[in-house]
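The analysis underlying the following values was restricted to heavy atoms, covering all of them including side chains, and did not include hydrogens, waters or symmetry mates. Just so it is clear: chains get the letters A, B, ... in the order the sequence lines come, proteins before strands, and each one is counted from 1.
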Number of protein chains: 2
Amino acid sequence: MNTSNKRERSTTERRQLLVETAIKCFSEKGFHQTSMRDLATRAGISLGNLYNHFGSKTELIKEIATLEAVEVRQLQILLNASRTPQKALDRFVLIYLEACTDPDSALLFAEIVSEGLRNPEIRGGFQRNREALLSILIQILHDLEAAKGATLRMPAEDCAAQILDLIEGLSTRLAFAGKLPTKKERASLNVGIDLLIGR
Amino acid sequence: MNTSNKRERSTTERRQLLVETAIKCFSEKGFHQTSMRDLATRAGISLGNLYNHFGSKTELIKEIATLEAVEVRQLQILLNASRTPQKALDRFVLIYLEACTDPDSALLFAEIVSEGLRNPEIRGGFQRNREALLSILIQILHDLEAAKGATLRMPAEDCAAQILDLIEGLSTRLAFAGKLPTKKERASLNVGIDLLIGR
DNA sequence: TATCCACGAACATACGTTCGTTCAATATAT
DNA sequence: ATATATTGAACGAACGTATGTTCGTGGATA
């Protein structure tokens, strides 16, 4: 990628802008209530030009669905730097909860789930990312067990999945209520997770 | 309601048929990818006639969203008949899991959630029903605690919400994989719930 | 000069909804 | 009991608009 090329640079910037406004529009109105005209207008470009950057609407949706994932790679690095598995788990929960309760993300997450349930192309990217997230969490659980910080009563993968369920469930409920998590809710979440891992 | 009236009877039957095909269509294609023509064709009636039964598409969606609730009233009765709170809880989990993992329901549930997040009319009915479900579960938890079958480490409402999260989370994952729950998955779910209630 | 971003008009289709009409079931009058 | 009026389910054409996508053109960059 030659960033000294003025054309290419402004083109990638445009594309970035388009993706960002698409995320906004999609999370506000949903995939299928957002028209290509909406997107173009909101991004301040013409309809025809939008098609210069994205060949079709589904292509755009697909890109958003895979992009709107927690940035797993960075998360992995951050957690590797944690001193103890306990701290790693705490960090994981904090970060993922933060990501899920972001107002845009919660709506988009629901949108992606319901879309992914019937659209294989969407499902693929979403599942890949989710498995990556799971495997990180599983690793942490194994570390925890080795350090006697946890005594699992079920397969680590099931436990990890349940932890994600708790976080995502809380996020969804908060989005429904239009609120951010209170201290109490955070506390209950942590208690629930501690119970699940037998800490 | 005069069921000896032939006209009224066939009308309510029609309406029932329409609601059922709407559920099918909506769960297959989603609210916004299903057109009124789709519905009419699928139900074997004309487009115009569809509007004789439902004034608008949103009215139809609203009806489905509130209807597609677990029949809480019956559930309540069934659970009251349970000998012990332990049995009541087991039944609750079994029934709700069954309801959530029904292929149609899982897709429709996701659809309602994502629609409810931005459409207050949908949200209302959904939340009302969910609160009813929660209050049943909370009651069971209190009974359990009184019978020394549980030692909650968090407010009963939070615990109940987390239990629902586990069930719904598992259901969603199963729907994504296109599978029904295995014995192992059911077992892990039960272990998770037992841990949450400190049993 | 060749490339490609940017534009907005144009196209075909799909959508939600309305409309006038038919026709059988019901209510009322004879 | 028979004739007449009223109702409302059922139909499909029609309307207006919105949609995804294509196309030809202009203008800046390489």
Side-chain angles (χ1 to χ4, degrees), chain A residues 1-26 28-65 111 115 118-119 121-122, chain B residues 1-26 28-65 111 115 118-119 121-122:
Chain A
M1 197 185 300
N2 181 6
T3 52
S4 69
N5 184 320
K6 189 173 174 185
R7 190 129 89 179
E8 279 190 24
R9 188 176 39 191
S10 76
T11 268
T12 58
E13 280 173 13
R14 264 270 181 284
R15 205 186 152 87
Q16 181 65 20
L17 169 71
L18 288 177
V19 166
E20 280 168 18
T21 61
I23 289 178
K24 264 185 212 144
C25 286
F26 285 155
E28 282 176 15
K29 318 209 312 175
F31 290 144
H32 301 288
Q33 284 101 296
T34 303
S35 73
M36 293 298 263
R37 280 169 185 79
D38 285 342
L39 285 173
T41 306
R42 184 76 164 268
I45 70 168
S46 73
L47 179 58
N49 193 15
L50 178 52
Y51 276 87
N52 283 331
H53 294 274
F54 295 93
S56 72
K57 189 180 179 180
T58 55
E59 184 182 314
L60 186 46
I61 293 182
K62 222 190 311 179
E63 172 128 352
I64 301 293
E111 195 70 22
E115 184 70 16
R118 57 176 68 87
N119 185 337
E121 299 202 76
I122 304 297
Chain B
M1 198 183 298
N2 182 7
T3 52
S4 69
N5 185 320
K6 190 174 174 187
R7 190 128 92 177
E8 280 191 21
R9 190 176 38 194
S10 77
T11 269
T12 57
E13 278 172 16
R14 264 272 180 281
R15 205 187 152 86
Q16 182 64 21
L17 169 71
L18 288 177
V19 166
E20 279 167 19
T21 62
I23 290 178
K24 264 185 213 144
C25 286
F26 285 154
E28 280 175 16
K29 319 208 314 177
F31 290 142
H32 300 288
Q33 284 101 299
T34 303
S35 73
M36 292 298 262
R37 280 170 185 79
D38 286 341
L39 285 173
T41 306
R42 184 76 164 268
I45 70 168
S46 73
L47 179 57
N49 193 15
L50 179 51
Y51 276 88
N52 283 330
H53 293 274
F54 294 93
S56 71
K57 188 179 180 180
T58 55
E59 185 182 313
L60 187 45
I61 293 182
K62 225 192 305 179
E63 172 128 353
I64 301 292
E111 196 70 21
E115 184 69 15
R118 58 176 68 88
N119 186 337
E121 298 203 72
I122 305 298

Requested in this report: Indicate for each nucleotide in nucleotides 10-16 of chain C, in 5' to 3' sequence, whether protein heavy atoms under 4.0 Å reach the base (B), only the sugar-phosphate (S), or nothing (-).
Outcome: B----BB
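Applying the side-chain hydrogen bond (donor to acceptor under 3.5 Å, both in side chains) rule to A/Lys57 yields no partners; only residues at least two apart in sequence or on another chain are considered. Residues passing the side-chain contact (heavy atoms from CB on, under 4.5 Å) test with B/Ser56, sequence neighbours excluded: B/Thr58, B/Glu59. Evaluation of the salt bridge (Lys or Arg N to Asp or Glu O under 4.0 Å) rule for A/Glu28 yields A/Arg42 as partners, not counting sequence neighbours. In this view, A/Lys24 satisfies the side-chain hydrogen bond (donor to acceptor under 3.5 Å, both in side chains) rule with no residue, not counting sequence neighbours. Evaluation of the side-chain contact (heavy atoms from CB on, under 4.5 Å) rule for B/Glu20 yields B/Gln16 as partners, not counting sequence neighbours. Evaluation of the side-chain hydrogen bond (donor to acceptor under 3.5 Å, both in side chains) rule for B/Ser35 yields B/Asp38 as partners, not counting sequence neighbours.
Under the 4.0 Å criterion applied to side-chain N and carboxylate O atoms, A/Arg118 and B/Glu111 are assigned as salt-bridge partners.
The phosphate of C/dC4 has neither OP1 nor OP2 within less than 4.0 Å of any side-chain N or O from A/His53. Contact between the side-chain N/O atoms of A/Asn52 and the OP1/OP2 oxygens of C/dA6 is not found at any separation under 4.0 Å. Between A/Asn49 and C/dC7 there is a side-chain N or O to OP1 or OP2 distance below 4.0 Å.
Following rounding to the nearest Å, A/Leu39 (CG) and D/dA18 (P) show an atom-to-atom distance of 17 Å. In this structure, A/Leu17 atom CG and C/dA6 atom C1' are separated by 14 Å, rounded to whole Å. For the pair B/Arg14 CZ and D/dG8 P, the interatomic distance rounds to 18 Å; values are reported in whole Å. Atom CG of A/Leu50 and atom C1' of D/dT19 are 13 Å apart (whole Å).
Applying the ring pair (Phe, Tyr, Trp, His ring centres under 6.0 Å) rule to pairs touching residues 31-54 of chain B yields B/Phe26-B/Phe31, sequence neighbours excluded.
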Report summary line: With both pairing distances under 3.5 angstrom for Watson-Crick or G-U wobble, and | for a partner in another strand, the correct string for DNA chain D is ||||||||||||||||||||||||||||||
